[in-house]
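Take a look at the structure below.
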Amino acid sequence: MSSLSPVTLKLSGKVIPNRIYRTALSEYSGSYDENDVTNTGKPLPRYIELHQELANGGAGLICFGNIPVHRDHLENFNNVVLDRDQPWDAVESFRPAILAAKSRGALCLPQLNFTGRQCPEFLNPNPVSSSDVKLHYCMDKSYGQPTPLSKAQIRDIIDRFVWAAETVVKAGADGIILHAAHGYLINQFLSPHINKRIDEYGGSIENRARFVVEIVESIKARLPTDRYIIGAKINCQDFVCGGATFAEQCVVIKLLEAAGVDFFDISGGTYEAPAWRGNLESLGETQPPAGEGTFLKWARDIKKILSRAVVGTTSGWRDSELMMAAVRRGDIDMCGLGRPLRDDPDLPNRVFTGERIQSKL
Ligand SMILES: Cc1cc2nc3c(=O)[nH]c(=O)nc-3n(C[C@H](O)[C@H](O)[C@H](O)COP(=O)(O)O)c2cc1C
């Protein structure tokens, strides 16, 4: 098996032409108008250029950086946004970037997100979350006191995910990838450290997983999984005391595969412990060899318990020989790259021609 071996997503039958994907990494290329929220989140020309560069560079799957599904709950002021209340035509606004991403044969999965308590206070001092557990100052920002979501609000957010998924598919995407990692709202439901609910969305791991499973089921009802991909970027564990453990995340990942998720991008950490930056040692864990994927050992065990879904993992890949060795061994199906492709979108093409890349990032 080589870096250029295609991989088939079993439910949709869609084929990823090679083993390198661009993980979701916010492009920060949306319009922002602090006086008029209706002008927020529209893709700017750089959004198209950037995805054309990624397409030209050869990655087999291009995940767009997180796209908030609510204009009042951004990750940063210049996010692109998919909010059904925006007056502009979302299909036409996103189509050029999606077509650019797909122009050289890659598949395209925009990442849908709801920030929850990780919405910076300067953007919204009144966030919502699974419960009322406030996030302390971290990632150079402060955060407001969150209000627990009512069941009607949970349903509204699920409907927003569905609307956003249908919108990007109308604009040409192959499906979507959910941001179920890094401490955002889906993760806030999964985490026992944050989710203190006593209704059917809290308590047991099956209850904490209910929100994300309902999102998947609701998207699937509109976008059948034999035609469209539902992916999930998800933590192997939170690396936070009292947060979601590896054992619990395995249960969630199995539930999601059964519900129709066909691709997992394995990551780890939250704003409280941003393990995706690759600093495992500082979190009391063993650091993997330089240049190897931060979460490889967990992704390998996750692949073993799954029956169908394609498994990739992102963070820390800096040596293309270690990347392809992990794929050849069958530890994982694919390698995800974030910052290395921001630095050099052409990296996959160079790997495919046999060059060994040892990025110093
Ligand atoms: C500037 C920046 C923006 C990011 N935006 C996102 C995002 O929108 N969605 C996401 O899942 N991860 C995001 N991440 C995390 C990356 O996708 C990735 O998991 C992390 O950078 C580790 O991978 P790398 O070592 O290949 O860069 C972001 C990281 C950075 C540095």
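In each ligand, atom 1 is the first atom listed, and ligand 1 is the first ligand listed.
- In terms of polar-atom proximity, L337 is not counted as a contact of ligand 1, lacking any N or O under 3.5 Å from an N or O of the ligand.
- Comparing heavy-atom distances from atom 15 (C) of ligand 1 across W317, F295, W276, F64 singles out W276 as nearest.
- Of the listed options R339, R277, Q111, R339 places a heavy atom closest to atom 31 (C) of ligand 1.
- At a heavy-atom distance under 4.0 Å, no atom of R22 approaches ligand 1.
- Selection from T314, T294, L341, T313 by nearest heavy atom to atom 18 (C) of ligand 1 gives T314.
- For ligand 1 and H182, the ligand atoms under 4.0 Å from any heavy atom of the residue are 12 (N), 15 (C), 19 (O).
- Ion pairing of R160 with D156 is present here, as a side-chain N (NZ or NE/NH1/NH2) and a carboxylate O approach within less than 4.0 Å.
- Between D262 and R308 a salt bridge is recorded (basic side-chain N to carboxylate O distance below 4.0 Å).
- Here D319 pairs with R356 in a salt bridge; the nearest charged N to carboxylate O distance falls below 4.0 Å.
- Taking every non-hydrogen atom of G65 and a distance limit under 4.0 Å, the qualifying atoms of ligand 1 come out as 8 (O).
- In summary, R104 and E53 do not engage in a salt bridge, as defined by a charged side-chain N under 4.0 Å from a carboxylate O.
- A salt bridge links R350 with D344: the closest approach of a Lys/Arg side-chain nitrogen to an acidic carboxylate oxygen falls below 4.0 angstrom.
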